[in-house]
Trainee: 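If you scroll down you'll find the structure; I have some questions about it.
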Amino acid sequence: MSSGPRFRFAPSPTGFFHVGGARTALYNWALAKRLGGVFVLRIEDTDEARNKPEWTDGIIDALAWLGIHSDDPTFEGPYFQSEYAEAHLAAARRLFDAGAAYYCDLSSEQIQERAKAAGIGGYDGYSRDRGLGPGPGRVLRFRVPEGSTTISDLVRGEVVFDHSTIEDFVLLRSNGTPMFLLANVVDDMEMDISLVVRAEEHLPNTPKQQLLWQALGHQPPAWAHVPLLVNEQRKKLSKRRDKVAVEQYRAEGFLADAMVNYLMTLGWSPPGDREIVPWSMIEREFRLEDVNHSPAFFDVKKLTAFNGEYIRMMSIDDFIAACQPFLHSSDVPWPPDRFDASKFAAMASVVQSRASTLAEVPAVIDFIFLADPVVDEQAWAQTIAAPGAREVLADVTEAYRALPEWNVAALKDTLEMIGERHGLKKGKAQAPIRVAITGRTVGPPLFEALEVLGRDEVIRRLTMVASP
RNA sequence: GCCCCCAUCGUCUAGUGGCCUAGGACACCACCCUUUCAAGGUGGCGGCACGGGUUCGAAUCCCGUUGGGGGUGCCA
């Protein structure tokens, strides 16, 4: 058993894995690894019916994708908050018995009325000394003492909260079920959590939690509140407005290494002037004390750039392997039976430098596997209208028919020669051939494609387009 | 309303009182390379929110202003 710090990671139960949560998980993981601690996964929802197993599986799967494996000795869990229901209730009972909590029978309407009349914000502590016991329609509230609470935060330093600004918050609902705040603290105590790393949005509630830890007779954990991830409007990333599901980025062909690396550069940076760094270095260098205090914009453009770098760093075999799911997915543009693995392998290296996500791969070489690539009307009209274009097309078709050797060098030399004969530079000369073969004016290197396609198919496409 | 947090190029960041004429990356622009498009190379554009202090000296420390964000539920 490890004696190092115990971290807890508790993704919010929204049905998917949030990128902000992913970063927090990575922080916890890097720290647990370096400090010889434990990463505890907890599924937080006091309502058992909402602890959907498939969601938990999805989280574990997404964590594994990021390199946080549940079979690693550093990993513990998942634990389900709902399973600790008795401990939550027992804690509430202890608080009440000790006088640290009291019952209140005011409805929210009544509380609002009183607050309005008194000109204050929330609950005014009306039932503090009424000596009420438990009963229907009564909530259990925490008796916030006089004074102030100081939160020692590993990233922000000391933050002081005056108790006068904290109202007597609810511990148990009138139906007897525990509130999240209580459950959360009790779970942390049950699981011996010693370092809580979470997003900044939780900072204002931290004094309440610390008060609870103390009232329950425990030493509070160390806290670390990391900056929020925001959108271009500088608002907290949300499911509704923003693309925040890790699973979605994965499906769109982002590499786990790129995602992890990028996420880690938000609010923190590796030593030196390098941003693209291996996880081993991150694990060795990451410090909570070095984390920024301000929110960071999750920039998909920069993520994409990172991803391109990671794609180009792959060996050709790894690249081909990584492409497989995207080559055989159901929304591939070509008929599945026309796909040819060896043709793709022959094109792989030119594709690799052109793709910034794996999902872009099929579109780069779709013309190879399409029976008849759709020729863009406008592109064709413009290309063939250029001086000499029609002649080059005709001559090249003839020459390619008779070409003794079908390879990149021969294909290239022949076209260049014919282009020169018609006074065209290489760029102009290859244009009509490119459109005839690929259907577009832009694409991967032409001669490689011609070689892979083979003489018969090339001649077929060349003549097809020439005879309207 | 009240409480809390934050403030360096458009964005992510380096910077912890002199090494700062503020460094890097993404994006953008130009050029080079080049069969198109990429990739790669070179260069460019662009920032310490504002006002007061403290100090011989401030992006760095203090105060205020402004701006942004978060929290404030019988949600999690």
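Labels below follow one simple rule: chain letters A, B, ... track the order of the sequence lines, proteins then strands, and each chain is numbered from 1. Please read all numbers here as calculations on a predicted model, not as lab measurements.
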Trainee: Thinking salt bridges, do A:Arg287 and A:Glu289 make one under a 4.0 Å N-O criterion?
Mentor: no
Trainee: What integer distance in Å separates A:Phe297:CZ from B:U13:P?
Mentor: 12 Å
Trainee: Any idea which of B:A14, B:C12, B:U35 is nearest the A:Thr265 side chain?
Mentor: B:C12
Trainee: Over all strands shown, is A:Gln112 touching base, sugar-phosphate only, or nothing at heavy-atom distances under 4.0 angstrom?
Mentor: nothing
Trainee: Within this structure, what is the CZ-to-P distance between A:Phe161 and B:U72, rounded to whole angstrom?
Mentor: 12 Å
Trainee: Between B:G71, B:A25, B:U35, which one does the side chain of A:Glu201 approach most closely?
Mentor: B:G71
Trainee: In whole Å, I'd like the distance from the CZ atom of A:Arg23 to the P atom of B:U13.
Mentor: 8 Å
Trainee: Quickly work out the A:Trp268 CH2 to B:G15 P distance and round it to whole Å.
Mentor: 11 Å
Trainee: Could you tell me which nucleotide pairs with B:C2 by Watson-Crick or G-U wobble geometry, both distances under 3.5 Å, or answer none if nothing does?
Mentor: B:G71
Trainee: One thing to verify: whether A:Asp242 and A:Lys235 come together as a salt bridge, which I'm taking to mean a side-chain N less than 4.0 angstrom from a carboxylate O.
Mentor: no
Trainee: What's the closest nucleotide to the side chain of A:His293 if the choices are B:U11, B:G71, B:A7?
Mentor: B:A7
Trainee: Heavy atoms only, 4.0 Å cut-off, all strands: where does A:Lys236 land among base, sugar-phosphate and nothing?
Mentor: sugar-phosphate
Trainee: So what does A:Gly419 touch, heavy atoms closer than 4.0 Å: a base, only the sugar-phosphate, or nothing?
Mentor: nothing
Trainee: Counting the atoms with a prime plus P, OP1 and OP2 as sugar-phosphate, which does A:Ser269 contact under 4.0 Å by heavy atoms, base, sugar-phosphate, or nothing?
Mentor: sugar-phosphate
Trainee: Quick one: on RNA chain B, does A:Ala296 or A:Gln430 contact a more 5' nucleotide (nearest heavy atom)?
Mentor: A:Ala296
Trainee: Need to verify one output field. Residue with the more 5' nearest nucleotide on RNA chain B, A:Lys208 or A:Tyr262?
Mentor: A:Tyr262
Trainee: Working note: A:Arg421 + A:Glu391, criterion salt bridge (Lys or Arg N to Asp or Glu O under 4.0 Å); need CA distance, chi angles, decisive distance, verdict.
Mentor: CA-CA 10 Å; A:Arg421 202 194 301 152; A:Glu391 291 81 352; over 6 Å; no
Trainee: Return no unless some side-chain N or O of A:Lys302 is found under 4.0 Å from OP1 or OP2 of B:C26.
Mentor: no
Trainee: Contact class for A:Gly427 (heavy atom, under 4.0 Å): base, sugar-phosphate, or nothing?
Mentor: sugar-phosphate
Trainee: Given A:Ser294 and A:Asn292, is the side-chain hydrogen bond (donor to acceptor under 3.5 Å, both in side chains) satisfied, shown in steps?
Mentor: CA-CA 6 Å; A:Ser294 37; A:Asn292 265 173; 4.8 Å; no
Trainee: State which of B:C4, B:C6, B:U72 makes the closest approach to the side chain of A:Leu203.
Mentor: B:C4
Trainee: Out of B:G73, B:U13, B:C74, which has the shortest distance to the side chain of A:Glu167?
Mentor: B:G73
Trainee: Rounded to the Å, how far apart are A:Ile111 CD1 and B:C74 C1'?
Mentor: 9 Å
Trainee: Within the structure shown, what part of the strands sits under 4.0 Å from A:Lys428 by heavy-atom distance: base, sugar-phosphate, or nothing?
Mentor: nothing
Trainee: Are more than 12 heavy atoms from other residues, nucleotides or ligands located less than 6.0 Å from atom CD of A:Glu377?
Mentor: no
Trainee: Contact class for A:Val170 (heavy atom, under 4.0 Å): base, sugar-phosphate, or nothing?
Mentor: sugar-phosphate
Trainee: Under 4.0 Å between any heavy atoms, over every strand shown, what does A:Asn184 touch: base, sugar-phosphate, or nothing? Just pick one.
Mentor: nothing
Trainee: Side chain of A:Leu228: nearest nucleotide among B:C3, B:A38, B:G69?
Mentor: B:G69
Trainee: B:C37, B:C75, B:G24: which one has an atom nearest the side-chain heavy atoms of A:Arg354?
Mentor: B:C37
Trainee: The side chain of A:Arg141 lies closest to which of these nucleotides: B:U13, B:C74, B:U11?
Mentor: B:C74
Trainee: Would you classify A:Pro227 as touching base, sugar-phosphate or nothing, given that sugar-phosphate means primed atoms plus P, OP1 and OP2, and contacts are heavy atoms under 4.0 Å?
Mentor: nothing
Trainee: Roughly, in whole Å, what's the span from CG in A:Leu266 to C1' in B:U11?
Mentor: 10 Å
Trainee: Please pick, from B:C26, B:U35, B:G73, the nucleotide with the shortest atom-to-atom distance to any side-chain atom of A:Met179.
Mentor: B:G73
Trainee: Which nucleotide wins on minimum distance to the side chain of A:Ser294, given the candidates B:A76, B:A7, B:C4?
Mentor: B:A7
Trainee: Would you indicate what A:Pro445 reaches in the nucleic acid, counting non-hydrogen atoms under 4.0 angstrom: base, sugar-phosphate, or nothing?
Mentor: base
Trainee: Mind listing the closest non-hydrogen atom pair of A:Gln209 and A:Leu181 along with its distance?
Mentor: NE2-CD1, 3.5 Å
